[in-house]
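All residue numbers refer to positions in the sequence shown, counting from 1. From a predicted model like this one, the values you see are computed outputs, not experimental measurements.
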Amino acid sequence: MIAVVALAAPAMSCTNKENVIQGPVINQGGGDDDPSTQTSEVKVGQTLPAWHEGEMDLHFINTTAGECVFVIFPDGTQMLIDAAGSQVATGAVGSTKNTEIRSRWDPTQSGERYGQFIAGYLKHCMEWTGNDKIDYIMLTHFHNDHFGGANGLPKSSKSSSYTLQSLPEIMDTFKVGKLVDRGYPDYNYPFDMATMADNASNCANYIAAVKWHVANSGMKAEIFKAGANDQFPLLYKANDYQNVRVQNIAVNGEVWTGTGTSTTKTFPSLSQISYANSKNILSSDNCPEENHCSAMVRISYGDFDFFEGGDAQYDGISNYSWKDIETPVAKACGKVEVMKADHHGTQNTNGFGYKDKAWAMRYFQPQVWVVCSWTDEHPRKATFEGVTDLVPGMDAYITNSGTTQKAYTGYSQRFKAGNGHVVVRVAKGGKTYHVYTLSDSDKKYTVKYASGEYKSR
């Protein structure tokens, strides 16, 4: 049967380190103690049934402009990872050519901002959970296809100091508990991001929004801490779901060792960094690229593991071995059930043995690989074919696809579904999960494809 949304129930509460937090009113589920049983039947052509307490959802929201993942934890705690909003024009040349993807659908063609579109999707999910707050925002790194382009957008109604770039618009729209990124509060690694990054004006706009909300809306902000396992605790029923774990793997080249909270620093310190041109950093420079610096996290529920690595990559490895950030991260993380493809699966990513180096996928070995594509060559041919050869049992899902990707060897066999939001729903207890593709352009979120059940290892 199809789930009923948010029945009235007493609000939950729990105690954490800081205070007593009032919990959301949520769907309690059907009372079935079998962790491998889904609460509601899912039917192709119908709206995805509501999330219920005990399940964990991973929503890969398709904006056609980058990456955005919304996590609903088993107790109703909610976490947003990135908020895509690249303003690259349709038909742009080079590696950002996106004519095929945008010819199918682009939410901005109807005059909607990316931040508005994301907010609408989140509100739909919040009807299930009864929680109208984003408990955590995690920004992996400072690129427009992860936090939005800022140019040409209206000023915030809350402050004239910033425009409605995607992530700032999300901050304006929802109550946010805590924001975590790789630079707060100084934003000075590998140099001053607000003045020296190649998208400095967008970084400055985002920083202004963060500082305004910290000062005025009650939002907390912290720098992402490599090795930490307590930065994103469950807030409502933590005692009932002690098998949920959020492990920070790496940020700014500092990588968890896999033991306790200890880390190893692999990137140059500020005093060691050198570059030829701060606005066009070459792979031969002794300076990490923005993608290298991504914050990376593993989210676990029982036997189920999900890896989110932002735009981790290994370009520049021929000049500096430390520029392969993926392999040490993969070794620390280990096998996962679901992996968001690093850097949209573009070149020099998702290591499959470049010059007998860059072996990340040998360690991740995902069952499911989700590609958040926003150009006509996400993933790149060599990356897709290399990864699928190295991980032969893996299924792939893609948010946008066209004739370019469909020409790849093995595309029809390995990509199970595309062109829509991708949702991973983990059953109560974490032993099994299903993957769904939902309609995007009509905002009805109907199930286009359903796959599973997958068994967690």
- Relative to each other, are the rings of Y121 and H59 parallel, tilted or perpendicular (30° and 60° limits)? perpendicular

- Query: Are the charged groups of E377 and K97 less than 4.0 angstrom apart, N to O?
  - Reply: no

- Using atom types as modelled and distance alone, determine if a side-chain donor or acceptor of T437 lies under 3.5 Å from a backbone N or O of G418. no

- Query: Just by distance, do the side chain of Q405 and the backbone of H378 share a donor-acceptor pair under 3.5 Å?
  - Reply: yes

- The reported gap from CG in D442 to CH2 in W105 (rounded to nearest 0.5 angstrom) is 9.0 Å

- Query: Are I223 and Y189 close enough that some pair of their side-chain heavy atoms sits under 4.5 Å apart?
  - Reply: no

- Task: Of all the heavy-atom pairs spanning I325 and G253, show the shortest one and how long it is.
- Result: CD1-CA, 4.1 Å

- Exam field: side chain K431 to backbone D303, donor-acceptor pair closer than 3.5 Å: no

- Message: Parallel, tilted or perpendicular: which one describes the rings of Y206 and Y187, with boundaries at 30° and 60°?
- Response: perpendicular

- Message: Within the 4.5 Å heavy-atom criterion, are L122 and I61 side-chain neighbours or not?
- Response: yes

- Heavy-atom nearest pair, Q367 first then Y433, reads OE1-OH, 2.5 Å

- Message: How close do S166 and G148 get, counting heavy atoms only, and between which atoms?
- Response: OG-CA, 3.8 Å

- Message: Test of understanding: with side chain to side chain contact (heavy atoms under 4.5 Å, CB included), list the residues that count as partners of R298, not counting sequence neighbours.
- Response: Q247, I249, W256, S300, D305, C333

- Partner set under side-chain hydrogen bond (donor to acceptor under 3.5 Å, both in side chains) for K443, not counting sequence neighbours: E112

- Message: For S160, give me all partners under side-chain hydrogen bond (donor to acceptor under 3.5 Å, both in side chains), at least two apart in sequence or on another chain.
- Response: none

- Task: Could you tell me how the ring of H146 sits relative to the ring of H344: parallel (under 30°), tilted (30 to 60°) or perpendicular (over 60°)?
- Result: tilted

- In terms of side-chain geometry, is the basic nitrogen of E290 or R182 positioned less than 4.0 Å from the acidic oxygen of its partner? yes

- Task: Check whether any side-chain N or O of Q78 sits under 3.5 Å from a backbone N or O of N131 as a donor-acceptor pair, and report yes or no.
- Result: yes

- Message: If you define the side chain from C-beta out and look only at heavy atoms, does anything of Y397 sit under 4.5 Å from Y436?
- Response: no

- Item | V42 to P49 - nearest heavy-atom pair and separation | CG2-CD, 3.9 Å

- side chain to side chain contact (heavy atoms under 4.5 Å, CB included) partners for S103, two or more places apart: none

- Message: In the structure I gave you, are the side-chain heavy atoms of V329 and F307 within less than 4.5 Å of one another anywhere?
- Response: yes

- Considering the options T64, N98, D145, which one meets the side-chain hydrogen bond (donor to acceptor under 3.5 Å, both in side chains) requirement together with W374? D145

- Measure up the F384 and Y411 rings against each other and bin them: parallel (under 30°), tilted (30 to 60°), perpendicular (over 60°). tilted

- With sequence neighbours left out, what residues match S217 under side chain to side chain contact (heavy atoms under 4.5 Å, CB included)? W212, H213, M219

- Task: Decide yes or no for L153 and Q87: does some side-chain heavy atom of the first lie under 4.5 Å from some side-chain heavy atom of the second?
- Result: yes

- Query: Do F73 and Y241 have their ring centres less than 6.0 Å from each other?
  - Reply: no

- Message: Any heavy-atom pair between the side chains of K123 and T173 that's under 4.5 Å?
- Response: yes

- Message: If we check side chain to side chain contact (heavy atoms under 4.5 Å, CB included) with V370, which of these qualifies: V422, V435, V423, D395?
- Response: V422

- Euclidean distance, E67 CD relative to S373 OG, rounded to 0.5 Å: 9.5 Å

- Message: Check the orientation of Y445 and H421. Use parallel for under 30°, tilted for 30 to 60°, and perpendicular for over 60°.
- Response: tilted

- Residues forming a salt bridge (charged side-chain N to carboxylate O under 4.0 Å, His left out) with D57, sequence neighbours excluded: R425

- Query: Which residues satisfy the side-chain hydrogen bond (donor to acceptor under 3.5 Å, both in side chains) test with Q165, sequence neighbours excluded?
  - Reply: N205

- Message: Could you work out, with side-chain hydrogen bond (donor to acceptor under 3.5 Å, both in side chains) as the rule, every residue matching S156, not counting sequence neighbours?
- Response: Y162, D172

- Verify whether the ring centers belonging to F70 and W51 lie closer than 6.0 Å. no

- Task: Under the salt bridge (charged side-chain N to carboxylate O under 4.0 Å, His left out) rule, collect the residues that match up with E100, sequence neighbours excluded.
- Result: none

- Task: Kindly compute the distance separating OG1 (T375) from CZ (R102), expressed to the nearest 0.5 Å.
- Result: 10.0 Å

- Side-chain donor-acceptor contact under 3.5 Å, R104 with N400: yes

- Query: Can you check whether T349's main-chain N or O pairs, donor with acceptor, with D342's side chain at less than 3.5 Å?
  - Reply: no

- Closest non-hydrogen atoms of S456 and F304, given as atom of the first, atom of the second and distance, are OG-CB, 3.6 Å

- Query: Would a distance-only check, ignoring hydrogens and angles, find a side-chain to backbone donor-acceptor pair under 3.5 Å from Q231 to K225?
  - Reply: yes

- Taking NZ, NE, NH1 and NH2 as the nitrogens, is one of them in D440 or K448 under 4.0 Å from a carboxylate oxygen of the other? no

- When rounded to the nearest 0.5 angstrom, what distance separates NZ in K178 from CG in L235? 8.5 Å

- Just jot down the salt bridge (charged side-chain N to carboxylate O under 4.0 Å, His left out) partners of D181, sequence neighbours excluded, or say none. none

- Message: For N291, is there any backbone N or O sitting under 3.5 Å from a side-chain donor or acceptor partner on D311?
- Response: no

- Message: I need the I398 CD1 to W369 CH2 distance, nearest 0.5 Å.
- Response: 8.5 Å

- Item | Pairing residues for K155 by the side chain to side chain contact (heavy atoms under 4.5 Å, CB included) criterion, not counting sequence neighbours | T163

- Check: Q242 side chain, A238 main-chain N or O, donor-acceptor pair, under 3.5 Å: no

- Query: Is there a donor-acceptor pair under 3.5 Å between the side chain of H292 and the backbone N or O of E289?
  - Reply: yes

- Distance, nearest 0.5 Å, that separates CG of N350 from CD of Q313: 10.5 Å

- Item | Contacts of R113 that satisfy salt bridge (charged side-chain N to carboxylate O under 4.0 Å, His left out) - sequence neighbours left out | E169

- Task: Kindly indicate whether the side chain of F232, heavy atoms from C-beta on, has any atom under 4.5 Å from the side chain of N248.
- Result: yes

- Task: State, to 0.1 Å, how close P366 and M339 come at their nearest heavy-atom pair, and which atoms those are.
- Result: CB-CB, 3.9 Å

- Task: Take D82 and T140 through the side-chain hydrogen bond (donor to acceptor under 3.5 Å, both in side chains) test and state the conclusion after the steps.
- Result: CA-CA 7 Å; D82 293 343; T140 59; 2.8 Å; yes

- Message: Closer than 3.5 angstrom, by distance alone: can the side chain of Y301 be matched with the main-chain N or O of G429 as a donor-acceptor pair?
- Response: yes

- Taking the side chain as every heavy atom from C-beta outward, state whether V447 and L438 have any atom pair closer than 4.5 Å. yes

